[in-house]
Amino acid sequence: MSYRICIVFFLLCSVVRAQYSPPDGIYPDAVFDEHIKTARIYKTGWETSYPIGHIDDEKPLMLTFDELSKTARNYSYAVIHCDA
């Protein structure tokens, strides 16, 4: 019985991917909901700054956006670390 469970586990692990990778290698910089406008990322307290921060920085990055729908909804976002 445990032999079958191990086989199923390894088959599932080979199919499941932990991270999304686009086929062309280019991640889109886009908002995928028509009700979201003016998405911005900046350092807390400094709205004209670039969205660059260090792990030990005292001012975290802030994500803000305008929601133009009539009902309150839950949203999620992803931050993808990219190197040159």
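Keep in mind it's a predicted model, so treat the numbers as computed, not measured. In what follows, every heavy atom counts, from backbone to side chain, and hydrogens, waters and symmetry copies are set aside.
Looking at heavy atoms from C-beta onward, Lys43 lies in side-chain contact with Asp57 at the 4.5 angstrom threshold. Within the 4.5 Å cutoff, the side chain of Arg73 has heavy atoms near those of the Glu67 side chain.
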Derivation and outcome, side-chain hydrogen bond (donor to acceptor under 3.5 Å, both in side chains), residues Thr48 and Trp46
CA-CA 6 Å; Thr48 59; Trp46 189 18; 3.2 Å; yes
Review point. Is there a side-chain contact (heavy atoms from CB on, under 4.5 Å) between Tyr42 and Thr64 once you walk through the steps?
Key: CA-CA 9 Å; Tyr42 54 88; Thr64 61; 3.3 Å; yes
Next item on the list: Assess whether ring pair (Phe, Tyr, Trp, His ring centres under 6.0 Å) is satisfied between Tyr75 and Phe65, documenting all intermediate values.
Entry: CA-CA 11 Å; Tyr75 292 99; Phe65 57 88; 5.7 Å; yes
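With hydrogens and angles disregarded, no donor-acceptor distance shorter than 3.5 Å links the side chain of Thr44 to the backbone of Lys59.
Residues Asp33 and His35 bring a donor and an acceptor atom of their side chains to less than 3.5 Å of each other.
Salt bridge annotation for Glu47-Arg40: present, with a cationic side-chain nitrogen under 4.0 angstrom from a carboxylate oxygen.
A continuous path of hydrophobic side-chain contacts links Leu61 to Leu63 [ILVMFWY only; heavy atoms under 4.5 Å].
Heavy-atom neighbours of Asn74 CG from other residues, nucleotides or ligands within 6.0 Å: at or below the threshold of 12.
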